[in-house]
Structures are given as C-alpha cells and as structure tokens.
There are 2 protein chains.
Amino acid sequence: MGTAGCRLGYSDRVTGHVNGLGRNLDGVRRGNLSTVLRLVHRTGAASRSQITQFTGLNRSTVAALVGELVERELVVENDPEATSRVGRPSPIVTPHRGPVAIAVNPEVDAITVAIVGLSARVDRRVRREVDHPVTPQETAQIVAQELAGLSAELADRRVVGIGLAVPGLVRSADNTVRWAPHLAWTDSAIVPLVEAATGRPARAGNDASLGGWAEHLFGVGRGIDDLIYLNGGASGIGGGVISAGSALGGHRGFAGEFGQNRPGFTDPADQRTVHGTLEDEVSRARLLAVLGIPGGDEAALEAALVNSSTPAVREELARQRRVLAVALSNAINVLNPELVVLGGFLASVYASGPEELERDVAALAVSAAWEGTRIRPAGLGEDRLMIGAAELAFSALLADPAGDF
Amino acid sequence: MGTAGCRLGYSDRVTGHVNGLGRNLDGVRRGNLSTVLRLVHRTGAASRSQITQFTGLNRSTVAALVGELVERELVVENDPEATSRVGRPSPIVTPHRGPVAIAVNPEVDAITVAIVGLSARVDRRVRREVDHPVTPQETAQIVAQELAGLSAELADRRVVGIGLAVPGLVRSADNTVRWAPHLAWTDSAIVPLVEAATGRPARAGNDASLGGWAEHLFGVGRGIDDLIYLNGGASGIGGGVISAGSALGGHRGFAGEFGQNRPGFTDPADQRTVHGTLEDEVSRARLLAVLGIPGGDEAALEAALVNSSTPAVREELARQRRVLAVALSNAINVLNPELVVLGGFLASVYASGPEELERDVAALAVSAAWEGTRIRPAGLGEDRLMIGAAELAFSALLADPAGDF
DNA sequence: GTAATATGTTGTTCGAATCAACAATCAAAA
DNA sequence: TTTTGATTGTTGATTCGAACAACATATTAC
C-alpha cells in the first residue's frame with residue numbers, strides 16, 4: 001500500500017464544526033470515516049489490517065468504521081486473498097459498485113459525459129458532437145438528455161453528483177465560470193443550470209487543474225504530494241499545482257494558469273511573438289504548422305512527430321523545449337515540486353528530447369530545488385478529465401461519508 | 001476579532017496520532033488547545049466569548065480549554081474590559097508573559113539574537129557584529145554566548161526553543177541548511193550545533209519565507225490566507241508563498257526562490273544581463289549605482305530615492321518596475337493570491353510608482369486572476385525576521401500546548 | 001500436530017465535548 | 001430605582017467514540 005500522503009482533499013476540509021475550527025466527537029467520526037473511505041477509494045483495495053496501519057487507529061475502531069461504510073453501501077468486504085503470511089488473513093475492503101459520479105467536459109466541438117465509479121474507473125463514456133459552441137443552457141440540456149439516455153445503465157447504481165471540467169476559469173467560492181474563452185462563457189452560473197436540468201448536485205472546476213488532481217491521485221503523481229501539472233491542449237496550456245497533497249486553488253480558485261505567463265528566453269532568437277504568452281510560444285498549432293498537417297487528435301500528432309522528423313520539425317521541437325525549460329525552471333524555483341507532469345502535446349515535446357529538456361532545466365533552476373525533482377509524461381489517457389471531474393462530484397461524499405446523499 | 005483563517009500551521013499538522021491519519025479523543029483535545037492558543041497568540045487578546053464564537057465549541061468546553069492553558073502558564077485571564085454591551089462581560093485571554101522564543105538571524109556582517117514573547121513582540125534584540133563570515137560552529141558559539149548574556153532577562157521566563165532565519169535554502173525534512181551562498185554554508189547541520197551549544201531545541205528556516213509567514217500572521221497579510229511575499233535584500237530577492245493559510249514549502253522546503261527566476265521582458269531594452277535572473281535585473285545594487293551612493297540601510301536607500309529623483313534614477317526605477325511587473329503577473333497567474341507583499345527595496349521600487357506597477361501587472365496577468373489581488377508594501381519593520389524565526393520556535397508548542405516543553 | 005504470529009470480535013472503560021439548569025453581570029426600559 | 005432582557009460563566013449529568021483487554025480464529029513455521 002503506497003503511502004497516500006497526508007492532506008486528502010480537493011478544496012474541502014474536515015473539521016468538527018461546520019463553522020469554526022473547534023473539534024468535537026462528531027468531527028472525529030466524520031474524519032475517520034472520510035479517511036478510511038478515501039484510502040479505499042484511492043488504493044482501489046485495502047485490507048482491514050492495512051487500514052489499521054495507515055490510520056494508526058485501533059483494530060476494533062477500524063472494524064466499526066468499515067462496518068458503517070459497508071452498511072451505507074460505500075464499500076464491500078471481500079474474503080481475504082492468499083498472502084502467504086503468518087497470522088489470520090484480513091478481509092479486503094473495496095469500493096462499492098453502487099455510487100457513481102457523472103463527469104462532464106464541455107468543449108467547443110463536443111460535450112463528453114461519463115459514468116465514473118467510486119473505484120475511479122470510467123464505466124461508460126458518451127460524446128455528443130455539437131456544430132456550434134454551446135451555451136450554458138444548452139450544455140445543461142444536453143447533460144440532462146445524455147443522463148436520461150444512460151438511465152438503463154444507472155438503474156442499479158446511485159448517482160452521487162455531477163462534476164464539470166470546464167476549459168476556463170472557475171471561481172471556487174460559488175462554482176461560477178468566470179471566463180471560458182473558447183466556449184464564450186462569461187460569469188456563467190452553469191452549476192445551478194445543470195442542477196435544475198438534472199435534479200442532481202453539481203460542481204465545476206478548471207479542466208487542467210482537475211486533470212492534475214487526477215494525475216496526483218491515480219496517474220504518475222500517485223503518492224506524490226508536491227507536483228505541478230502542465231497540459232498542452234489545442235486551445236493552449238493549462239495546469240494545476242498540488243502542494244502538500246492539496247490542490248492549490250488560490251484566493252478565487254484561478255491558480256494554475258501557466259499558459260498565460262510571459263516566458264523568459266535563454267536565446268532571444270527563440271522568441272516568436274511580441275508580448276506573447278507561453279502558450280503563444282509553445283503551442284500545438286506551431287507544431288502542426290511545421291509538420292504541415294491540419295489537425296487531428298493527440299495520437300495523430302505524436303505519430304506525425306515520430307514519422308516526419310525533418311530538420312525544421314526537430315528545430316521547432318528544440319525551440320519549444322528551450323522555452324518550456326525556462327518556464328519549468330521558474331515554476332520549480334517557486335514551488336519546489338517533487339514531480340513535473342506534462343500532458344497533451346507537452347508530453348510529445350518532452351518525449352522529443354527528455355535529456356535535453358532536463359539538462360536545460362537543471363542549468364536554469366536553483367540546483368537544490370531541482371535536485372529531487374523529476375519530469376514525467378502524464379500517466380492517465382483521455383480519461384484524465386473524466387476522473388478529475390468525478391472526483392469533484394465525489395468530494396462531498398468523501399469528506400462526509402455519513403452525510404445524506 | 002479578525003478572522004484568523006483556517007489552516008493554522010507553519011509546516012506542522014494536528015492529527016490524532018503521531019503516525020497515521022486517524023483521529024481520536026486525544027487529537028481532539030490537542031487540536032482544540034492548539035486552536036485556542038493560536039488564536040490568542042495571533043490576536044494578542046481574545047475574550048472567552050470570542051473564542052467560543054470562533055471555535056464553535058460549547059461555552060463549557062472553552063472554559064475547560066482556557067483553564068488548562070492557564071494552568072500550564074501559557075495564557076492569562078484578565079478582568080473584562082468595559083464593552084458597553086448587554087450581558088455578562090467575558091474575561092480577556094492574553095498570552096502569558098512567561099514563554100519566549102529565541103530568534104536568530106545569522107548574516108554576513110552580524111548575528112542578531114532576539115527574545116520574542118508569545119504575544120509576538122520583540123522584547124529584546126542584540127546584534128553581534130562579526131568581521132568575517134561565520135561558520136556554523138561559530139554561529140552556535142555566538143548564540144550560546146549571547147543567550148548567556150541575556151540570562152538575567154530570561155530569569156523569570158521560560159525559553160521554549162530557538163528559531164533560526166537563515167539566508168539560504170533550508171531542507172524542511174531535517175532542518176539542514178542545504179546552501180547559504182553568502183555565509184558559504186553547504187549541507188550544514190546548524191540545528192544540532194545550536195542545540196548542543198545551548199541545550200535547547202532549535203529549528204531553522206529560510207529567512208524570506210519566515211518573513212512572509214510573519215507578514216501573514218502579524219503584518220499587512222494578517223487574516224489573508226493566500227499571499228505571496230517578495231523581499232528585496234542586499235544579497236538578492238527571496239520570497240515565500242502562503243496558500244490556504246499554510247506556508248508553501250514544496251517537496252524539500254526550498255519553495256519561494258522568486259529571485260532565481262529568469263524574467264520575461266515586455267521591452268527587450270529593459271534587459272541588462274545575459275541569462276540573468278530576476279535579482280540580477282531588479283536589484284538594490286543597480287539602484288545604489290544610479291544613485292551614486294555606496295550603501296547603507298533600508299531607510300537610507302528610501303531617503304536617497306525620495307531626495308534625488310534625477311531622470312536616470314527615475315528611469316532605472318521605472319525599468320525595475322516593468323521587469324518586476326512581469327515577474328509578479330506570472331506569479332499571480334500561477335498562484336492567484338489575494339495579496340502581494342513587497343518588502344525591502346522592492347517596497348521602495350513599488351512606492352516609486354504604485355499605479356504604474358499595478359497598471360502593468362493588470363495588463364499582463366490573467367484579468368480574472370488579478371481582479372481580487374492587491375499589492376502592498378510590507379507592514380512589519382526589521383522585526384519581521386525575528387518574529388518569523390520565533391514562530392518557528394513556537395511551532396511545536398502551538399501545535400501541542402499540552403506537550404512537555 | 002504444536003507453537004508462534006497476526007488479526008477479527010466482544011464487552012468494558014475512559015475521556016472529551018455537549019447539554020441543561022442556574023448564577024452572574026451588564027444595558028435598556030419602565 | 002426597579003425591572004426586564006440579553007449574554008456569559010459555572011456546574012453536574014449525559015452522550016458518544018476510540019482505546020483496551022481478553023478471547024477467538026486463521027494462517028505459517030517447525
């Protein structure tokens with residue numbers, strides 16, 4: 001059982017009281033139920049004795065906690081596996097099949113809706129193509145329709161809530177979409193719309209931040225409490241910061257906008273724009289242009305990069321690596337992460353010359369800060385956003401498993 | 001009573017168990033004692049009824065908690081003040097005079113030692129000049145000597161511990177000074193040396209990060225849970241990040257090295273160095289050079305800037321403002337702070353043209369991220385580092401007031 | 001087959017917060 | 001000046017959850 005870190009929440013806390021910082025017995029019970037459920041949720045399966053070790057609680061207490069979670073149909077206890085170890089075998093606790101989250105990702109060209117179980121696996125995934133940028137109202141309608149279409153699959157399951165991964169800035173205080181340029185949403189109260197259309201509780205978050213959260217929980221960042229995540233998408237570069245096991249949101253929840261930064265350059269010749277942002281300089285569009293192909297998905301780009309490695313392509317990749325290296329070294333100086341996760345086309349940029357990128361970062365960053373840091377491509381595929389969004393929907397349940405949902 | 005935020009710790013957590021995440025009754029008690037003591041420590045004085053409101057705990061519980069803290073000589077209950085409000089007056093709880101921290105700041109030219117009370121006031125401050133950069137061994141010796149010299153003043157008080165604010169990178173895991181360029185310390189185990197020389201527990205931290213922590217607790221950042229702090233010193237630019245009320249340390253504790261970043265430039269003509277860092281471009285030395293004065297302290301620089309505002313000085317200030325604006329906007333995009341605190345000569349750079357700097361930052365940063373953000377000069381004077389270092393010494397006591405110290 | 005080890009199970013104990021009732025102290029109204 | 005209402009401190013009984021100890025169970029090692 002890998003150590004699952006210490007802080008456990010995506011923008012929620014567990015204290016005794018709803019208001020105030022005091023702790024009481026209720027808070028202890030709630031916190032312990034939450035800790036056990038989170039552990040099972042994250043690891044996928046944990047024996048009772050492992051839970052005892054992890055929590056430091058008494059055997060009998062763990063038995064009571066697991067018992068309550070079983071009663072609430074949140075976890076299942078299975079017969080112990082053969083472990084070839086001395087002592088009485090311990091039953092294996094796994095997430096219950098029942099509870100599910102609905103993950104939603106509205107994009108310019110399509111809205112993706114997925115059913116995600118408490119074991120963080122995407123059970124079903126539907127993609128509804130749209131011929132025009134959808135409004136929040138249309139989005140809510142489509143989500144409701146797709147949900148109705150999935151009713152057969154959801155018959156024997158319990159929908160806990162809906163999580164939306166939105167390509168834009170989401171204000172954490174009220175889950176309002178402050179600005180989503182590609183969808184042309186401004187100050188949109190998407191969450192109440194979705195809640196009204198579906199009759200289910202919803203939450204929204206920034207797509208890239210949720211992707212980073214998913215990588216922290218279930219991807220290459222599993223068990224790593226300090227990481228930064230940068231995702232290269234068609235529309236730019238988004239990101240997220242995990243610090244001490246918690247997602248860093250900032251004052252309003254807008255943190256992680258690495259793509260909008262003004263990059264520094266080690267070589268002035270690398271600069272392609274005037275007053276440009278990182279995502280103007282390091283971009284998918286520039287790679288496609290030099291490759292001479294119109295577009296396509298992530299795999300197509302990766303394949304094209306591998307196949308056609310002309311000098312022009314190699315040089316553009318090298319340039320983007322150099323610019324990225326400055327941006328990463330700055331982030332490493334400020335945040336001192338253990339891991340830098342690169343997703344989308346940034347993973348391709350990294351893959352084109354990992355040693356070169358790492359050498360440049362090492363030269364630029366404070367050497368002590370870089371010492372313990374690694375760079376890795378993202379581990380989760382296209383399920384990343386769905387898993388992150390589902391986590392948002394599960395967050396209330398995970399924070400208070402005994403609440404009414 | 002200003003809301004004192006939610007997360008409460010400088011790199012320490014309050015859970016039930018020493019190991020593991022489980023919560024138990026011991027943890028509840030410890031956490032509540034900690035919360036009450038922290039509140040009194042931060043606010044300087046709080047009535048019992050205010051503590052009740054803040055914690056959300058029952059009156060009788062608060063009475064018991066305060067009673068225990070009184071018994072342990074950590075707080076004092078005084079007669080209520082005349083409040084002109086209905087109802088029975090509530091006694092005022094203030095920090096006890098007894099417990100003190102010893103704050104230490106080793107620098108190239110001197111070692112400063114201070115006595116700081118639980119009310120976060122610097123009671124005494126001694127400065128020992130040195131004619132050569134001191135070694136860790138010499139530092140420990142000097143601290144022990146100064147402490148002996150202060151023994152009369154410490155006679156009726158209880159020294160809780162020693163906190164060192166070191167101008168260098170301090171590894172959080174073992175409090176080792178990884179690298180302090182100006183002191184020429186590398187991988188120095190200063191903490192055990194000080195502990196051996198004084199017989200008291202010690203902790204070390206980065207000076208700028210501790211300054212930021214002090215500003216968050218007692219300066220302009222009081223009550224603000226998301227801020228970034230940049231300090232301009234003679235030797236460069238250091239900083240710290242407070243996120244969700246906790247100091248952001250990163251994986252090893254090296255976070256906050258804003259000064260080592262490679263800056264972006266809105267105008268190529270602003271660049272003075274090749275491959276330079278932010279602290280090469282925005283520096284105290286460049287200001288002194290254009291002013292034509294050799295050195296001096298913070299106040300001298302500020303006075304010189306106010307008096308001699310030649311075009312050359314104004315232009316250098318404007319240039320540094322422009323470069324700083326890019327650096328700040330990048331940090332704001334990534335961290336979305338509510339407040340940016342500028343200390344040292346950076347406060348002077350800001351003061352030379354607050355509107356201009358803010359206008360530039362507004363133009364560069366993601367507008368939504370900048371919206372709720374303010375920039376302010378640091379509020380604490382030269383006591384900042386001493387208060388921050390003392391906080392380090394108090395941290396164990398604050399986390400567990402019932403422990404043995 | 002027996003010993004050793006680890007873990008589940010059960011009933012009891014302990015500790016901390018809560019609650020209710022009462023006392024104390026103030027301001028404002030009568 | 002007295003009365004009323006509001007707020008808070010104080011006290012003893014209650015409640016609830018984790019810890020504990022003793023015992024039961026299941027596995028490996030010899």
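First the proteins, then the strands, lettered A, B, ... as listed; each starts at 1. No hydrogens, no waters, no symmetry mates; every other heavy atom, side chains included, goes into these values.
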Please classify the nucleic acid contact of A:P91 as base, sugar-phosphate, or nothing, using heavy-atom distances under 4.0 Å. sugar-phosphate

Distance, rounded to the nearest Å, where B:R30 contributes CZ and D:dA18 contributes C1': 14 Å

Donor-acceptor pair, B:E77 side chain versus B:P91 backbone, under 3.5 Å? no

If you assign B:R85 and A:P89 each to the DNA chain C nucleotide with the nearest heavy atom, which residue ends up on the more 5' nucleotide? A:P89

Set of residues satisfying side-chain contact (heavy atoms from CB on, under 4.5 Å) with respect to B:A120, sequence neighbours excluded: B:H41, B:F218

Rounding to a whole Å, what distance do you find between B:L57:CG and D:dG9:P? 13 Å

Between C:dA6 (P) and A:I51 (CD1): distance, integer Å: 19 Å

Give a yes-or-no answer on whether the side chains of A:R38 and A:S34 include a donor-acceptor pair shorter than 3.5 Å. yes

Quick one: do B:R171 and B:D174 make a salt bridge, cutoff under 4.0 Å? yes

Contact nearer the 5' end of DNA chain C, comparing A:G87 with A:T52: A:G87

Write down the protein N/O and nucleotide N/O pairs, taken from nucleotides 9-16 of chain C, whose separation is under 3.5 Å; answer none if there are no such pairs.
unit_1: C:dT9; atom_1: OP2; unit_2: A:R48; atom_2: NH2; d: 2.6

Can we say B:R252 and A:E338 salt-bridge, meaning some charged N sits less than 4.0 Å from an Asp/Glu carboxylate O? no

How long is the line joining CG of A:L65 and C1' of D:dA19, in whole Å? 13 Å

Regarding B:N32 and B:T61, do their side chains bring together a donor and an acceptor under 3.5 Å, going by distance alone? no

